[in-house]
Amino acid sequence: MSDLAAVLRARIARDGPLRLDHWMAACNAAYYTGPDPLGRDFVTAPEISQMFGEIIGGWIGDLWLRAGRPAVRLVELGPGRGTLIADALRVLARVPGFAAPLALVETSPALRAQQAGRVVADWYDSLSDVPDDLPVIIIANEFFDALPIRQFDGAGGERAAAIAGDGFAAAVIPAPGTPAGEASPAGHVIAAVIGDRLRRQGGAALIIDYGYADTVAGDTLQALRNHSMADPFAAPGDSDLTAHVDFTALARAAGALRVSGPVPQGVWLARLGIEARAAALQSRNRDAAGGIAAALVRLTAPTQMGNLFKAMALSAPHWPKPAGFDT
Ligand code: SAH
């Protein structure tokens with residue numbers, strides 16, 4: 001039995017079944033601290049192609065120019081291997097006059113070390129710790145889906161983890177008066193901090209993730225191990241636990257701001273010129289043309305990541321409208 005499993009068994013034996021969000025928080029903290037989760041169990045958009053981070057770099061540069069070239073701080077939440085921000089900064093280096101301190105919010109020491117190999121930055125455990133002296137441009141790709149959720153059955157119960165034999169299994173504990181569905185209290189807290197920062201400091205936040213815009217009452221919890229679906233209650237800390245992001249709930253938790261989108265990732269990337277970027281890369285490297293075409297399809301096709309993944313921007317009302325959200 002892993003150390004985490006032993007700790008969780010002792011905790012459940014003492015306090016009773018563990019609420020799903022507490023289970024998910026403990027499992028993911030262990031998971032992201034482990035060896036190279038991004039290569040082993042799942043692949044994210046920036047790891048599929050440099051085009052993804054480059055388009056985001058262009059989006060940042062465009063917004064910054066139209067905002068009147070203010071001093072800003074760049075912030076990324078959950079930067080993984082640091083690939084997205086390294087690709088974005090390569091584009092931003094070509095925007096005359098652009099310079100910004102980079103703050104990375106990352107809890108995993110292993111991933112911090114990988115990020116440090118890619119970019120110069122300051123690291124923080126939480127967005128609340130990032131200095132509030134400048135307008136901020138915040139990027140979060142596949143960050144909110146990793147945050148813990150609660151699941152309510154609509155009949156006064158919620159999902160929890162209980163001890164079952166040598167392992168664990170789902171159980172129901174009382175949650176009187178709660179409507180059926182999922183909620184991410186941790187995500188809402190971070191969205192509220194984003195909203196507060198944007199109103200006080202100015203700036204914008206780009207949130208890209210898999211999820212939905214209108215509340216659904218289904219079970220979206222999923223565990224991935226070695227690129228396959230696993231049981232979220234088996235082997236705690238050994239699989240990646242995620243849930244679909246409720247964009248409407250995030251925007252509501254952020255409070256009064258300009259909300260752009262969500263729009264499907266494929267549509268957003270196309271509006272920002274990913275096809276032209278793919279063609280330019282292909283013309284420079286004929287041998288890689290097939291791989292670039294395949295990556296383009298994977299990122300944008302509705303049957304691949306193009307529809308399930310969505311982009312939403314939150315921005316200060318006095319900032320210009322972020323690109324890619326209007327027809
Ligand atoms: N954005 C990256 C990685 C996505 S995986 C990419 O697109 O490839 C999720 C990331 O969020 C990891 O870097 C993980 O360590 C980090 N993370 C998860 N929970 C976190 C938390 N509560 N606070 C800060 N970072 C967290």
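In each ligand, atom 1 is the first atom listed, and ligand 1 is the first ligand listed.
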Student: Taking everything shown except Asp166 itself, do over 12 heavy atoms lie less than 6.0 Å from its CG?
Tutor: no

Student: Just go through Leu111, Ile139, Leu147 and tell me whose heavy atom is the nearest to atom 22 (N) of ligand 1.
Tutor: Leu147

Student: Any nitrogen or oxygen of Pro46 lying under 3.5 Å from a nitrogen or oxygen in ligand 1? Just yes or no.
Tutor: no

Student: What are the atoms of ligand 1, with element, lying closer than 4.0 Å to any heavy atom of Tyr32?
Tutor: 5 (S), 9 (C), 12 (C), 14 (C), 15 (O)

Student: Check contact between Thr83 and ligand 1, using heavy atoms of the residue and a distance below 4.0 angstrom.
Tutor: no

Student: Would you check whether Asn28 reaches within less than 4.0 Å of ligand 1, judged by its heavy atoms?
Tutor: no

Student: Does anything in residues 6-36 form a ring pair (Phe, Tyr, Trp, His ring centres under 6.0 Å)? List the pairs, not counting sequence neighbours.
Tutor: Trp23-Phe168, Trp23-Phe233

Student: Would you indicate whether the side-chain heavy atoms of Tyr212 and Asp246 approach each other to under 4.5 Å?
Tutor: yes

Student: Shortest non-hydrogen contact from Phe152 to Pro179?
Tutor: CB-O, 3.3 Å

Student: Do ligand 1 and Glu106 have nitrogen or oxygen atoms that lie under 3.5 Å from each other?
Tutor: yes

Student: Could you tell me whether Gly78 and ligand 1 have an N or O pair separated by under 3.5 Å?
Tutor: yes

Student: Pairs of nitrogen or oxygen atoms closer than 3.5 Å, one from Thr44 and one from ligand 1: do any exist?
Tutor: yes

Student: Which of the atoms in ligand 1, numbered in the order shown and given with their element, are less than 4.0 Å from a heavy-atom of Gly80?
Tutor: 2 (C), 3 (C), 13 (O)

Student: Report the residue from Pro148, Pro236, Cys27 that forms a side chain to side chain contact (heavy atoms under 4.5 Å, CB included) with Leu241.
Tutor: Cys27

Student: Judged on heavy-atom distance to atom 21 (C) of ligand 1, which of Asn141, Val43, Asp145, Thr107 sits nearest?
Tutor: Thr107

Student: Nearest protein heavy atom to atom 9 (C) of ligand 1, by residue and atom, and its distance?
Tutor: Glu142 O, 3.4 Å

Student: Using a 4.0 Å cut-off to any heavy atom of Ser108, which atoms of ligand 1 qualify?
Tutor: 15 (O)

Student: Kindly check if the number of other-residue, nucleotide or ligand heavy atoms within 6.0 Å of CG (Asp3) is above 12?
Tutor: no

Student: Evaluate the side-chain proximity of Tyr210 to Thr220: yes if any heavy-atom separation is below 4.5 Å, no if none is.
Tutor: no

Student: If you take all heavy atoms of Ala323 and Trp268, which pair is closest and at what distance?
Tutor: O-NE1, 3.4 Å

Student: Salt bridge check: are Asp125 and Arg112 linked by an N-O gap of less than 4.0 Å?
Tutor: yes

Student: Out of curiosity, is Leu84 lining ligand 1, as in a heavy atom under 4.0 Å away?
Tutor: no

